Amino acid sequence: MKDFSSARAMKFTESVIREMTRICLKHSGINLAQGFPDFAARAEIKEAAQTAIQADLTQSAITWGEPNLRHAIADKFAWYNGVTIDPETEITVCCGSTEAMISSLMAIVNSGEEVIVFEPFYENYGPDTILCDAKPRFITLHEPDWRFDEEELTQTFNNKTKAIIINTPNNPTGKVFSREELQFIADLCLKWGVIAVTDEIYEHILYDGAKHISIASLPGMRDQTITINSISKTYSLTGWRVGWAIAPAPLTASIRKVHDFLTVGAPHPLQEAAATALRIDRSYYETLATEYEERRDFLSGVLDDSGFRIYRPHGAYYIMTDVGHFGFSDDVAFALHLVEKFGLATVPGSSFYSRSSLGATKIRFCFPKKKETLEQAAEKLRDFKKDREK
Ligand SMILES: Cc1ncc(COP(=O)(O)O)c(C=O)c1O
């Protein structure tokens, strides 16, 4: 049969993470591959959604977002990120940060322009650049502390560079970009007229006293930054699909157009509930970080005991590990072994790199899970260890 697929769609593969989830289901395993929480969201947020549905908020909201939510986003961005924005002209509410990212890139990038992407990257960024016909330029974050080479980054900026994608705290490495690193990037953006597109969905999941800095808050960057966020990670609501892009008014006008024709809008009642989430008591964020830190420490300890080399994350909810010394042919072979023999799903490191060899000895674990789930995962890791010692 003739293949009617577009050349564009053929340039990237299906999500490796979701594929690992399917294999995990087949083996009735524990899923530490896909980063979604298996615990309940806060009762008042769920109640707000129920109330909104009962109140018949059934039709589409304004395409760029329910005013109540946009005001809540602006208020929170002022207190937490230190940037004052106009909710009328500088916010586009989207279907998750996934849609906010692709709508933003499509709104700013012309065919053939370059977009700088740090690797290892969140797996959507590669396909995102392909979908907007950009040329991705990859800059490696080097383990163990995932720093970039300043000279390499400086040399990569040029007249064709349109945007640089930043993700802090970072998936998959757990890196939290420091003020100095962000200032270095900001100086290059200002010099070359480049837009920073920053995905900050893990902004409250921080460990060891790490501080989240928004590049939009650095001098001169407010007008050259698109800040992307969502309710998915902070409020454990990955299935509600409510996110947003914050950008200066002229950019927002373009993002809103793309967004309108891609999705029209995020679910109306869930936007109302998202506004409730964003106005939650501020102590919630401290509890969130503390609980995640306990999970990080638990899983790090088990991985360490089981012989994995771990890169300790300072933010987000993933642990990148090195498994080269276990003697498998590559990361995919190792991940398949772990899920097929022991029922524990993870993500092969190569899926986070443009050059798969850079991830060939790495495996990512995620830990947004109940204590019981992590205990079960620990059991499987102990089985793995015993099997190796045989
Ligand atoms: C860095 C990063 N950005 C975006 C997303 C997707 O977020 P959303 O559910 O808001 O689309 C994820 C999910 O894992 C992520 O890790």
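Order of listing sets the numbers, starting from 1, for every ligand and every atom in it. Values reported hereafter were calculated over all heavy atoms of this structure, with side chains retained and with hydrogens, waters and symmetry mates removed. Everything quoted here is computed from the prediction, not taken from an experiment.
For Phe367, there are no ring-ring contact (aromatic ring centres under 6.0 Å, His included) partners, not counting sequence neighbours.
Shortest non-hydrogen contact noted between Ile363 and Val323 is CG1-CG2, 3.8 Å.
Screening Thr238, Val347, Ile17 for a side-chain contact (heavy atoms from CB on, under 4.5 Å) with Gln34, the sole residue that qualifies is Ile17.
The 12-atom threshold is exceeded at OH of Tyr284, counting heavy atoms of other residues, nucleotides or ligands nearer than 6.0 Å. Applying the 6.0 Å contact sphere to CZ of Arg388 captures more than 12 heavy atoms from other residues, nucleotides or ligands.
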Find all protein N or O atoms under 3.5 angstrom from an N or O atom of ligand 1 and list the pairs with distances, or write 'none'.
unit_1   : atom_1 : unit_2 : atom_2 : d
ligand 1 : 3 (N)  : Asp199 : OD2    : 2.6
ligand 1 : 7 (O)  : Ser97  : OG     : 3.0
ligand 1 : 9 (O)  : Ser232 : OG     : 2.7
ligand 1 : 9 (O)  : Arg241 : NH1    : 2.7
ligand 1 : 10 (O) : Ser97  : N      : 2.8
ligand 1 : 10 (O) : Ser97  : OG     : 2.7
ligand 1 : 10 (O) : Ser230 : OG     : 2.7
ligand 1 : 10 (O) : Ser232 : OG     : 3.2
ligand 1 : 11 (O) : Ser97  : N      : 3.3
ligand 1 : 11 (O) : Thr98  : N      : 3.0
ligand 1 : 11 (O) : Thr98  : OG1    : 2.5
ligand 1 : 11 (O) : Arg241 : NH2    : 2.7
ligand 1 : 14 (O) : Lys233 : NZ     : 2.8
ligand 1 : 16 (O) : Asn171 : ND2    : 2.7
ligand 1 : 16 (O) : Tyr202 : OH     : 2.6

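Judged by distance alone, the side chain of Gln271 and the main-chain N or O of Ala266 form a donor-acceptor pair under 3.5 Å.
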